[in-house]
**Student:** 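Take a look at this one; I'll ask things after.
The basis for the numbers below is simple: all heavy atoms, side chains too, and nothing from hydrogens, waters or symmetry mates.
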Amino acid sequence: MRARPHVVVVGAGFGGLNAAKRLEREPVDVTVIDRHNYHQFLPLLYQVATAGLNAADVAYPVRALFRRQRRVFFRKEEVVGVDLDRHQVRLAGGPPISYDYLILAAGSTTAYFGVEGAAEFAFPLYTLEHAVILRNHILSLFEAADSDPSLIEEGVLNIVVVGGGPTGVEVAGAMVELVDKVLADDFHDLDVHRARIILIEQMDHLLGAFSDRSRQYALRALESRGVQVRLGTTVRRVTPTAVHLVTGEVIPTRCLVWAAGVRAGELAEHVAVTRGRSGRIVVNADLSVPGHPNVFAVGDLAEIDDGCGGRLPQLAQVAIQSGRHAAEQVLHTIERRPRTSFRYLDKGTMATIGRRAAVAELPGGRRLTGPVAWLAWLGLHLVYLLGVRNRLSVFVNWAWNYLTWDRGPRLILRPEVLPHAPRPPSDANHVGTLAGDTSPPDGGSADAEP
């Protein structure tokens, strides 16, 4: 038998790791479970997808974080359910793990809102694998067009981004820079400027969580860079070769990036608890699950009251703070102290549009746009990125790109048979995301705020 209480943390994202870090020096044993052996920094995945950064720059081994903490253990496993009565976490590839306290931080996954064909043919951007696959696909499309320019008429160079939240805005801005500033020099015989970057948003504005001033700035910045922004537009269905809008318009494309929103990770469906909006687990004020005081849900997986009758957004800062709070409540219980209610400290939100263009809304009503907001965005993301080597590598890549307009690895690691569009991996095919804590976005972003 264990001499110390055993705390199991499901998910090695922002929420899970911050819970484990808070407990690492306390008199408890901690086991972190995730299907990946690394933490992925979701706010910068889009830069991997657009060849701005190496995949290794935005990932950090979980075991390396706790290499000197003998009471913190890691299991690379897929979590398929929780037996709340027996206090056990069920795994796909091994015997169940018993717990005294459980912190569920399995994050969220892509929400397709029932749009026909979206899960099958759209490219999500929610894991490191997604980012590498998308990068391969984009570069493959340009190679195909270079070999057969007639494919341009079929939309092979039309890149459509669905979702006008921070993720969609950042992807669209990075895509247009990749095409106009990098690929235009790489492909000498191809009229790269015939490529179209199209951003589709259902609402009549971008960046729903931001002020009107920030929304208008983002719209102007994107359009000035060549992005075709379609506001008040809804996708009806997706096919391998086109996007069909409710207006009847058909946009030919072989690359649809889905950044329209997220829902609670699939693990929530495999735990016998009450679920609220977007499948998120309903929690008490102290983040415990009703009826199970030794079980907590944090981050994107949890439906957390914002104190004003609403729910906190699915942002990285919510995951970070709620993960720490859940760990504190475990310690309060062990030490026989009263628990406390979770209070979220809003540190603001940010989104970048591209070089020297970003928006930032800070506490106290302070709003920044342009180069100042862009520098703030760069600095904040460097601070939250794990690992000194990763920070140095990202900083060097950003500096090199700024000075030369040259991008990172424009490598096709998984050759595709083109011009037909491959079937991208939908989130439904990744059961392992049950144990992956990912903490993003707002109506569509994991990178609204680190």
**Student:** For R414 and E129, what are the C-alpha separation, side-chain angles and deciding distance, and is it a salt bridge (charged side-chain N to carboxylate O under 4.0 Å, His left out)?
**Tutor:** CA-CA 11 Å; R414 302 176 185 177; E129 295 97 327; over 6 Å; no
**Student:** Can any side-chain N or O of D57 pair as donor or acceptor with the backbone N or O of L53 at less than 3.5 Å?
**Tutor:** no
**Student:** Assess the residue pair Y60 and H39 against the criterion (ring-ring contact (aromatic ring centres under 6.0 Å, His included)); give the C-alpha distance rounded to whole Å, side-chain angles, the decisive distance to 0.1 Å, and a yes or no.
**Tutor:** CA-CA 5 Å; Y60 196 85; H39 165 80; 8.6 Å; no
**Student:** Side chains of T241 and E154 only: does a donor on one sit below 3.5 Å from an acceptor on the other?
**Tutor:** no
**Student:** Please tell me whether D300 and S108 have a donor and an acceptor in their side chains that are separated by less than 3.5 angstrom.
**Tutor:**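 Result is yes, a qualifying pair exists.
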**Student:** Determine, step by step, whether R194 and E153 satisfy the salt bridge (charged side-chain N to carboxylate O under 4.0 Å, His left out) criterion, reporting the C-alpha distance in whole Å, the side-chain angles of both residues, the deciding distance to 0.1 Å, and the verdict.
**Tutor:** CA-CA 9 Å; R194 293 178 65 186; E153 297 296 335; 2.5 Å; yes
**Student:** Working to the nearest 0.5 angstrom, can you tell me the gap between T274 OG1 and R280 CZ?
**Tutor:**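 Between T274 OG1 and R280 CZ, I get 15.0 Å after rounding to 0.5 Å.
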**Student:** At what distance, to the nearest 0.5 angstrom, does NE2 of H381 lie from CG of L385?
**Tutor:**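 Taking NE2 in H381 and CG in L385, the distance rounds to 9.5 Å.
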**Student:** Within a radius of less than 6.0 Å around CH2 of W405, do more than 12 heavy atoms belonging to other residues, nucleotides or ligands occur?
**Tutor:**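 It does: W405 CH2 has more than 12 such atoms within range.
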**Student:** F210 and Y217: aromatic ring centres closer than 6.0 Å?
**Tutor:**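 No; Y217 has its ring centre 6.0 Å or more from that of F210.
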**Student:** What orientation do Y112 and W258 show, parallel under 30°, tilted 30 to 60°, or perpendicular over 60°?
**Tutor:** tilted
**Student:** Testing the 3.5 Å rule here: is there a donor-acceptor pair between the side chains of Q317 and Y384?
**Tutor:** yes
**Student:** Classify the side-chain pair T233/Q202 by whether it contains a donor and acceptor separated by less than 3.5 Å.
**Tutor:**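 No, no side-chain donor-acceptor contact under 3.5 Å.
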**Student:** Is the side chain of Q321 donor-acceptor paired with the backbone N or O of L345 at a distance under 3.5 Å, no angle test?
**Tutor:**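 Flag set: sc Q321 to bb L345 pair under 3.5 Å.
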**Student:** Tell me, with the steps shown, if R236 and E116 meet salt bridge (charged side-chain N to carboxylate O under 4.0 Å, His left out).
**Tutor:** CA-CA 7 Å; R236 181 168 64 88; E116 179 185 348; 5.7 Å; no
**Student:** Go through the steps to decide whether R263 and E269 satisfy the test salt bridge (charged side-chain N to carboxylate O under 4.0 Å, His left out), and finish with yes or no.
**Tutor:** CA-CA 11 Å; R263 59 181 175 84; E269 302 174 7; 3.7 Å; yes
**Student:** Between the side chain of K76 and the main-chain N/O of N37, is any donor-acceptor distance below 3.5 Å?
**Tutor:**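 Pair absent, no side-chain N/O of K76 close to backbone of N37.
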**Student:** Taking L128's backbone N and O only, do any of them form a donor-acceptor pair with Q40's side chain (distance below 3.5 Å, no angle check)?
**Tutor:**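 Side chain of Q40 to backbone of L128, a donor-acceptor pair under 3.5 Å: yes, one is there.
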